[in-house]
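The structure under discussion appears below in the form of structure tokens.
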Number of protein chains: 2
Amino acid sequence: MPDSPPSLDPVQLGAYFDLIEVTSLLRHAVEQQLRETGDLSYVQFQLLARLGDSPTGSHRMTDLADGVVYSRSGLTYQAGLLEKAGLVMRAPSPDDERSITVTITDAGRALLAKVLPGHIEVVSSMLFEPLSRDDVKALAGLLAPVRDHMRSTPPRSAAPRRRRGRA
Amino acid sequence: MPDSPPSLDPVQLGAYFDLIEVTSLLRHAVEQQLRETGDLSYVQFQLLARLGDSPTGSHRMTDLADGVVYSRSGLTYQAGLLEKAGLVMRAPSPDDERSITVTITDAGRALLAKVLPGHIEVVSSMLFEPLSRDDVKALAGLLAPVRDHMRSTPPRSAAPRRRRGRA
DNA sequence: GTCTACTGCTTCGAATTCGAAGTGCGCCGT
DNA sequence: ACGGCGCACTTCGAATTCGAAGCAGTAGAC
């Protein structure tokens, strides 16, 4: 079919706007809590959380950047900050001399633990309070396919993430 | 006061993470499209869209800031840029000498119209493609109460905030 | 009337962000 | 093995962001 006239029906538009607004508000609230509790920005928290979640406590820079949806240069900056604060360590990867492995320190884990309850409190009370258990399940069920779709559709001009081998 | 054990069940956690990731990815994609097509940042686009949507084509600064979830000082900056670009006009309100009324110009409307189709295209193909019509309805139905809840729960105020510094 | 508290916006300084360019390593074909 | 291409990360400069402080204008108490 030819491209339909480019427009979103009112329901789509509402969903889109609400999505943006909800996440913006949530992010602001969370950011404030993190700043107060642990003097962390949201990105820094995300990085620590990701590292703390890993079985090894470490990740490559690039994977971190992708995971958090962040620019590489920005990650370098934030990793530097976190390292200076003693929350992570950086070391060259053993197997690939190009890449850097970032590892969370005990101090990092401690701070994460200190900040986490408040974080969860905010998310819980802002995002989940008005939703029933089934609502949350439904939301998760809706977001998952969108997430997968987005992951598999890389930004238009960026290089497709091919490990090796050709198409 | 023994706060309830602060934790999110796995479903909630997944929904929360996906929400953040989806909007981050969407935002990046949209931002890129807007930059390419009309040399606009996302905030600038949001401001123009909001003004263009208004019956009068204008809004007070504060309402704009609240609408897009943005700091006041940031809005002053962006409004200045938009004005310099001839996309909006600023004039003191007749009834309240303190407040400034921002109005979209014809050039602003033109740029908005130029940029909108691509914007919709991106949102459509990234966010809505993997969702059926009913899915979207369900999503909208879930987000609306959350949005209302957040709006009615103003950011916890007046905590002595520490200086920005260090990690 | 006028004093005081509050609101709306701007200015200011510092921190964060990104993209482009730069450096060095690893992979592949010849 | 050599050479070119591509990847991982960093550096650099410019633009954007925020909060705190500052400057009017407004509203309510008395």
Side-chain angles (χ1 to χ4, degrees), chain A residues 24 27-29 31-32 34-36 39-47 59-66 68-85 90-102 155 157-167, chain B residues 24 27-29 31-32 34-36 39-47 59-85 90-102 154-155 157-167:
Chain A
S24 291
R27 204 190 165 108
H28 273 256
E31 215 143 55
Q32 182 178 352
L34 289 174
R35 190 75 68 188
E36 289 172 7
D39 213 28
L40 284 175
S41 74
Y42 192 46
V43 194
Q44 293 172 335
F45 168 74
Q46 281 183 299
L47 295 175
H59 274 302
R60 300 187 318 148
M61 293 282 279
T62 293
D63 296 335
L64 275 178
D66 287 346
V68 171
V69 186
Y70 205 63
S71 74
R72 277 84 215 274
S73 53
L75 179 59
T76 294
Y77 176 73
Q78 288 296 346
L81 254 41
L82 288 176
E83 187 176 39
K84 212 176 308 180
R90 281 191 290 186
S93 284
D95 66 326
D96 187 338
E97 198 58 40
R98 289 173 298 182
S99 71
I100 300 272
T101 300
V102 184
S157 69
R161 267 187 128 254
R162 269 182 304 203
R163 269 321 212 170
R164 70 209 34 156
R166 322 181 359 88
Chain B
S24 291
R27 204 191 164 104
H28 273 257
E31 215 142 55
Q32 182 179 351
L34 289 174
R35 191 74 66 188
E36 288 172 5
D39 210 30
L40 283 176
S41 73
Y42 191 47
V43 195
Q44 294 171 335
F45 168 73
Q46 281 182 299
L47 294 176
H59 273 304
R60 299 187 319 145
M61 293 282 279
T62 291
D63 296 335
L64 276 179
D66 289 346
V68 294
V69 187
Y70 205 63
S71 75
R72 276 85 216 279
S73 52
L75 178 58
T76 295
Y77 176 72
Q78 289 297 347
L81 289 184
L82 288 175
E83 188 176 39
K84 211 177 305 179
R90 281 192 290 186
S93 283
D95 63 329
D96 187 338
E97 200 57 40
R98 286 172 300 183
S99 74
I100 300 274
T101 299
V102 184
S157 58
R161 201 103 37 90
R162 274 206 250 129
R163 213 165 173 275
R164 273 186 146 185
R166 281 196 22 235

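Note on naming: letters A, B, ... go to the chains in the order of the sequence lines (proteins, then strands), and numbering restarts at 1 for each one.
- Residues passing the side-chain contact (heavy atoms from CB on, under 4.5 Å) test with A:D96 are A:R98, A:S99, sequence neighbours excluded.
- Among the nucleotides C:dC25, D:dG25, C:dT16, the one closest to any side-chain atom of A:R35 is C:dT16.
- Qualifying salt bridge (Lys or Arg N to Asp or Glu O under 4.0 Å) partners for B:D66, counting only residues two or more places apart in sequence or in other chains: B:R72.
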Tabulate atom names and distances for all N/O pairs under 3.5 angstrom spanning the protein and nucleotides 4-6 of chain D.
from: D:dG6; atom 1: N2; to: A:R98; atom 2: NH1; distance (Å): 3.2

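- A:E31 pairs by the side-chain contact (heavy atoms from CB on, under 4.5 Å) definition with A:R27, A:Y42, not counting sequence neighbours.
- Take A:S24 and apply the side-chain hydrogen bond (donor to acceptor under 3.5 Å, both in side chains) test, not counting sequence neighbours, and it matches no residue.
- When the C1' atoms of four end pairs are superposed on the next four at each end of the helix from C:dG1-D:dC30 to C:dT30-D:dA1, using five pairs per end, the two resulting axes differ in direction by 30°, to 10°.
- Not counting sequence neighbours, the partners of B:S71 by the side-chain contact (heavy atoms from CB on, under 4.5 Å) test are B:S73.
- Listed by chain and residue number, nothing satisfies the side-chain hydrogen bond (donor to acceptor under 3.5 Å, both in side chains) test with A:T76 (two or more places apart in sequence, or in another chain).
- Remark: A:E97 engages no residue in a salt bridge (Lys or Arg N to Asp or Glu O under 4.0 Å) (not counting sequence neighbours).
- With sequence neighbours excluded, no residue forms a side-chain hydrogen bond (donor to acceptor under 3.5 Å, both in side chains) with A:Q46.
- DNA chain C is contacted by B:R72, B:S73, B:T76 of residues 63-79 of chain B, taking any non-hydrogen atom closer than 4.0 Å.
- Side chain of B:I100, nearest nucleotide from C:dC18, D:dC9, C:dC9: C:dC9.
- Qualifying salt bridge (Lys or Arg N to Asp or Glu O under 4.0 Å) partners for B:R35, counting only residues two or more places apart in sequence or in other chains: none.
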